Asks: 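For reference, the structure I am asking about is given below.
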Amino acid sequence: ARDLRLATTTSTDNSGLLGYLLPRFEAAHGIKVIVISVGTGKALKLGENGDVDVVLVHSRPDEDRFIEQEHGVNRRDVMYNDFVIVGPLVDPAALRGGRDAVKAFGKIMDARSVFVSRGDDSGTHKMELRYWSELGKQPTGNSGYRSAGRGMGEVLLMASELSAYALTDRATFYAMKDKVDLEILVQGDPRLFNPYGVMAVNPAKYPDINFDAAMRFIDWLTSSQGQQAISEFKVDGKQLFFPNAAP
Amino acid sequence: MELIETTRQALRLLFAGDAELWRIVWVSLKISVGALLLMSPVAIAVGYLLATQRFPGRRIIVVVTQALFAFPTVVVGLLLYMLLSRQGPLGSLHLLFTQTAMMIGQMLIAAPILVAFTLSAVQGADARVRETAIVLGAGRWRTALTVLTEVRFGVMAALFNGFGRVISEVGCALMVGGNIAGMTRNMPTAIALETTKGEFAQGVALGIVLMVLALGVNFAMSWAQGAGAQPQ
Amino acid sequence: MELIETTRQALRLLFAGDAELWRIVWVSLKISVGALLLMSPVAIAVGYLLATQRFPGRRIIVVVTQALFAFPTVVVGLLLYMLLSRQGPLGSLHLLFTQTAMMIGQMLIAAPILVAFTLSAVQGADARVRETAIVLGAGRWRTALTVLTEVRFGVMAALFNGFGRVISEVGCALMVGGNIAGMTRNMPTAIALETTKGEFAQGVALGIVLMVLALGVNFAMSWAQGAGAQPQ
Amino acid sequence: MNMASTVPVALRDGAGDRDAHDRVVVSCHGLKRSIGAQVILDVNRLRLARGRIYLLSGPNGAGKTTLLRVLAGLDRASCAAFQFDGEAIDLAQYPQSVRRRIGFVHHHPLLFSTSLHANIGYGLKAAGVARAEAKRRIADAIEWAGLGGLVDRPSRALSAGEKQRVALARAHALDPVLYLLDEPKANLDERGREMVTSLIGC
Amino acid sequence: MNMASTVPVALRDGAGDRDAHDRVVVSCHGLKRSIGAQVILDVNRLRLARGRIYLLSGPNGAGKTTLLRVLAGLDRASCAAFQFDGEAIDLAQYPQSVRRRIGFVHHHPLLFSTSLHANIGYGLKAAGVARAEAKRRIADAIEWAGLGGLVDRPSRALSAGEKQRVALARAHALDPVLYLLDEPKANLDERGREMVTSLIGC
Ligand SMILES: Nc1ncnc2c1ncn2[C@@H]1O[C@H](COP(=O)(O)OP(=O)(O)OP(=O)(O)O)[C@@H](O)[C@H]1O
Ligand SMILES: Nc1ncnc2c1ncn2[C@@H]1O[C@H](COP(=O)(O)OP(=O)(O)OP(=O)(O)O)[C@@H](O)[C@H]1O
Ligand SMILES: [Mg+2]
Ligand SMILES: [Mg+2]
């Protein structure tokens, strides 16, 4: 069978999730999966241009637009993990133990603490912007706000260097935990929920796309087997991704 | 220190013949050496012609070639992507995310470097070299070969620089190669990946492995070329 | 086509004096020109000495310098990061994620290029240039200046190449600059960002703006230097 | 006449007897080279006959070198009817076949940074002379120029006169019809000057 | 004796009358230069006195150029007791002050790609001669060498003899004690040779 090209975000690849899932899928279906791990924006662009067969990302509004504009079909929920607000141990804005993400952002702003933003239109960045707008504030009103324009790992390192706060997905934070002097200060807010969606590139647009393999991949990922594998994947004994595909 | 330990470990893996590391090394070398071998005859010829022929617009071409040094490799990658993408004019060739695409990108990146430095080497040569070849009855090709042989250190420097540039560039390789494990992952994209993961020591170690390779290639090249760079 | 439209738009923004774009351009130029101005006197002097002095180990230094071309800029960035990071030996200077750090990185990146090409230019010069200066009573400095003036096209090519390399490099700038909007975002890191976002046309447009700038700088440099690159 | 600023142009005698017209090797009208407003060469009529030696004489800057370079096709010049050995030639597009019948030696010749053998054999190789034949002719030229003791020296190490001899041997090996020698004796000792004399007969 | 392969070494006469010993400008013992196994210069004893002209004569490759280069400090040589104007000198560390008292002209001189004025003034500038004074001396040298008509030409465009004259003027402008001229007349016409004669007296 022809190889399947998957464009996905760095969080799924760098956390080791794909390394755990794909051999199982490949064994079951005899289809080799080629992973191109990039930012959400670029992953969707590759799908839009028909350069990959299937896309696995986390930015619901962008995903919906992708389907709406008929670049993709068959979008399915796969799993979620969650965002957490991390910061330096000294915690100058006193966020520790909080649950409310929007309130935490307000405290950061009031304390004029340094906050490092992804600033790259990624799913994480868009989530962050939602909290600011719920707060009713312009993030740039804070002189400590740094729009970094970089990936999650780099933003965590930068926050650690600058003793700053940051919004991150839990998987990347665990993967980077040993390298940064940061800890989770705020978690558990339902608004911090981070869902991943998978979708096939529209075969009507690109007839020679590997649509069959893409569908099989989506089916497997949302099947009980795939869902179970996701929940079995652990880093340091902790589960990072929680399957939530509709049966 | 962690850095030294990791580097030692990386070099140990290299010499122990670690399959994963060697595959990456091999992809790097194959693509970059290939790109250089394919591009240098053309680029050296162009540089030679620019140095020896006068025609209107020559000066402009020279300055533009030198300005192309400033063209970020990622933009080369973007343009090539647009060409090779399924929607692009060459989409039907299905070259995207292949080593071939990476090689084409590196050829484009190497070209201005090779042209400009050949040009400056030939321009710096004593005019009598070319004249002597001509009056002794050498044709265009032999004359060119003679001149280039006489300025071989300059041509060599062009090749070294071109090689260094392509084997270490990451922007284009990521864009058209995709950093696919086991297929299009080369040293620089592997380093970039380690960096994103925060594995700095690992990244530096791979960088040092790359340096060791480049040193090896450069020594081999300068040895093959004989004599070596002696002051006059 | 989208690409042409976006590029036209980017150039329009540039010439309309768009504050955001110009700040990025200004950061780029300031850092790269600064790095080149600070590094070139030293690097040119080193290249000149390597070309004119004989001492044991000289050949090795030359080959290593050329191999440094292959040192990925991101690895330079990593090493500098380790130095400047809070835990690093120079952490107390708080230089990480500043333009100063980017400039230091670019100086390191430019150094081997400037050294190697000055060396090859001086080595290619007629030995009588130096001898004539010496017998006419010129001291070391004047002799060096005379030789470098006679091989100015080669030195110029070194500067062009060095400038092109640093103004377009992204690995080190991202690593030690951090691509912070309004502070350390320069043209290449802005391009990298557009690329990650999937805004490919935007990335290419910025790349073309960068090229236009480089062309401007190169024309200015070659104009300031006079005569221009003529064939002999 | 002033030897040191004298440049000989020599033509080897063709075999057999032909009439005077046949004996003309180079002829042209209105040979003129100017750079900007400055005319640096202006020869009304030029005729070089086989078997003769011409000494160009004139003060420094008279245009002697320029004339030789124009005749060798190294410098451009405007010219009405340039003929070489009866053949009409466009000076700007000097044909290789004609080049091989001319032996031009720079005033201060340049040797390629190859071996002495390779230098002398360069033109033979370019002309496609067979290896054995080329080898013989190189050996002859080395013997003729008395270069036997120098064959192992790097060519950049040779003295001015030694270089001059190698360059003469290099031209000699090609056995040209016309020699264009720019101040060929300036660097040479007694022995070397005899060599030039034997080459061109003066 | 063979003019074309003859190299003059000339010393200007010092002012005033001194005894014979005072008049020695250069002296040394056992001057020797070898490259690898090959000895290319071996002079037992060398004494150059003020006011005299020495013509080095010998076949091509005899070492004439080498001797001049060694005396000018351009080539290394081993040597027992090198003295310049009574001062003991380490040949490997030729002091600049001595250099300025020597006028060395290459066999085939090189002009810097600057103007003719800048070429002639180069040594004066290096010696820190004041601008007005330098200007005067440059003008003198140009007049002396008859270069008036060439001042606007790019230096690479000059003919061999013209270059030679510029180089002589360049050395002359420095008014050195010792001239080391490598085949200075080889490229020159009658007028130029007279110039050299006026310079060194032969
Ligand atoms: N690196 C070297 N290896 C071998 N021989 C050398 C080297 N350098 C110079 N020589 C030889 O030293 C000799 C002396 O050269 P020099 O230039 O001093 O001669 P010269 O007397 O000036 O001759 P000419 O009249 O031809 O100018 C020459 O035979 C030359 O080949
Ligand atoms: N580009 C140029 N611009 C102005 N003048 C030039 C240019 N090129 C050559 N000339 C002049 O043309 C003249 C002819 O030079 P040429 O070398 O032919 O003289 P020559 O007779 O060989 O003199 P010599 O005896 O000194 O070798 C010289 O006066 C030279 O300065
Ligand atoms: Mg001449
Ligand atoms: Mg000599």
Side-chain angles (χ1 to χ4, degrees), chain B residues 3 51-54 59 62-64 66-75 78-79 81-82 113 116-117 119-121 123-127 151 153-154 157 160-161 163-165 167-171 175 187-188 191-192 195 200 203-204 207 210-211 213-215 218-219 222 228-229 231-232, chain C residues 3 51-54 59 62-64 66-75 78-79 81-82 113 116-117 120-121 123-127 151 153-154 157 160-161 163-165 167-171 175 187-188 191-192 195 200 203-204 207-208 210-211 213-215 218-219 222 228-229 231-232:
Chain B
L3 187 55
T52 54
Q53 307 297 312
R54 285 171 186 240
R59 173 100 187 266
V62 172
V63 179
V64 170
Q66 281 167 334
L68 282 172
F69 289 168
F71 210 56
T73 59
V74 62
V75 180
L78 281 171
L79 290 171
Y81 169 86
M82 288 172 173
I113 295 172
F117 283 101
L119 177 136
S120 106
Q123 211 158 255
D126 193 317
V151 298
F153 295 117
F160 281 143
N161 191 10
F163 179 74
R165 183 85 180 230
I167 196 134
S168 66
E169 86 78 28
V170 65
M175 196 65 220
M187 295 292 289
I191 292 170
T195 309
F200 293 173
V204 174
L210 186 54
M211 264 292 289
L213 288 173
L215 258 177
N218 284 12
F219 267 114
S222 85
Q232 332 106 334
Chain C
L3 187 54
T52 54
Q53 307 298 311
R54 286 170 185 241
R59 174 99 187 266
V62 173
V63 180
V64 170
Q66 280 166 336
L68 282 173
F69 291 168
F71 209 56
T73 60
V74 60
V75 180
L78 282 172
L79 290 171
Y81 182 96
M82 288 170 167
I113 295 171
F117 284 101
S120 104
Q123 212 158 254
D126 192 318
V151 298
F153 294 119
F160 281 143
N161 191 10
F163 179 73
R165 183 83 179 233
I167 195 133
S168 66
E169 86 78 27
V170 66
M175 202 62 222
M187 293 293 290
I191 293 170
T195 310
F200 295 167
V204 173
I208 290 170
L210 185 54
M211 264 291 290
L213 287 174
L215 257 176
N218 284 12
F219 267 114
S222 85
Q232 330 108 335

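These numbers come from the heavy atoms of this one structure, side chains and all, not from hydrogens, waters or symmetry mates. All chains are named by letter (A, B, ...) in the order of the sequence lines, taking the proteins before the strands, and each is independently numbered beginning at 1. Computed from a predicted model, the values in this text were never measured in an experiment.
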Asks: Mind ranking B/T195, B/V64, B/L210 by heavy-atom pairs under 4.5 Å with chain C and telling me who comes out on top?
Replies: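 Option with the greatest count: B/T195.
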Asks: State whether the side chain of C/Q123 and the backbone N or O of C/A125 hold a donor-acceptor pair below 3.5 Å, judged by distance alone.
Replies: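 Absent.
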Asks: Would you compute the distance between atom CD of B/Q66 and atom CG of B/L119 and round it to the nearest 0.5 angstrom?
Replies: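 If we round to the nearest 0.5 Å, B/Q66:CD and B/L119:CG are 7.5 Å apart.
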Asks: Please report the shortest heavy-atom distance between B/P72 and C/I191, naming the atom on each side.
Replies: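 Closest approach of B/P72 to C/I191, heavy atoms only: CG-CD1, 3.9 Å.
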Asks: Identify which part of B/M187 has an atom lying under 4.5 Å from any heavy atom of chain C, answering side chain, backbone, both or neither.
Replies: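 Neither; nothing under 4.5 Å.
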Asks: Report the distance from atom CE of C/M211 to atom CG of C/N218, rounding to the nearest 0.5 Å.
Replies: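 The CE atom of C/M211 sits 9.0 Å away from the CG atom of C/N218.
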Asks: With a 6.0 Å cut-off on the ring centroids, do C/F69 and B/F163 count as close?
Replies: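 When the ring centroids of C/F69 and B/F163 are compared, they turn out to be at least 6.0 Å apart.
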Asks: Is chain C contacted by the side chain of B/F160, its backbone, both, or neither, given a heavy-atom distance below 4.5 Å?
Replies: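 Backbone plus side chain of B/F160, per the 4.5 Å heavy-atom cut-off to chain C.
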Asks: At a 4.5 Å cut-off on heavy atoms, which part of C/A157 comes close to chain B: side chain, backbone, both, or neither?
Replies: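 Both backbone and side chain of C/A157 come within 4.5 Å of chain B.
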Asks: Tell me which of these, C/V75, C/L68, C/V63, C/L215, has more heavy-atom pairs under 4.5 Å with chain B than the rest.
Replies: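 Option with the greatest count: C/V63.
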Asks: At a 4.5 Å cut-off on heavy atoms, which part of C/F71 comes close to chain B: side chain, backbone, both, or neither?
Replies: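 It is both, since atoms from each part get that close.
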Asks: For B/A67 versus C/A214, what's the shortest heavy-atom pair and its separation?
Replies: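 Shortest heavy-atom separation between B/A67 and C/A214 comes out as O-CB, 4.1 Å.
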Asks: Only pairs of heavy atoms separated by less than 4.5 Å count here; which of C/N161, C/V74, C/L78 has the most with chain B?
Replies: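 Sorted descending by pairs with chain B, the first entry is C/N161.
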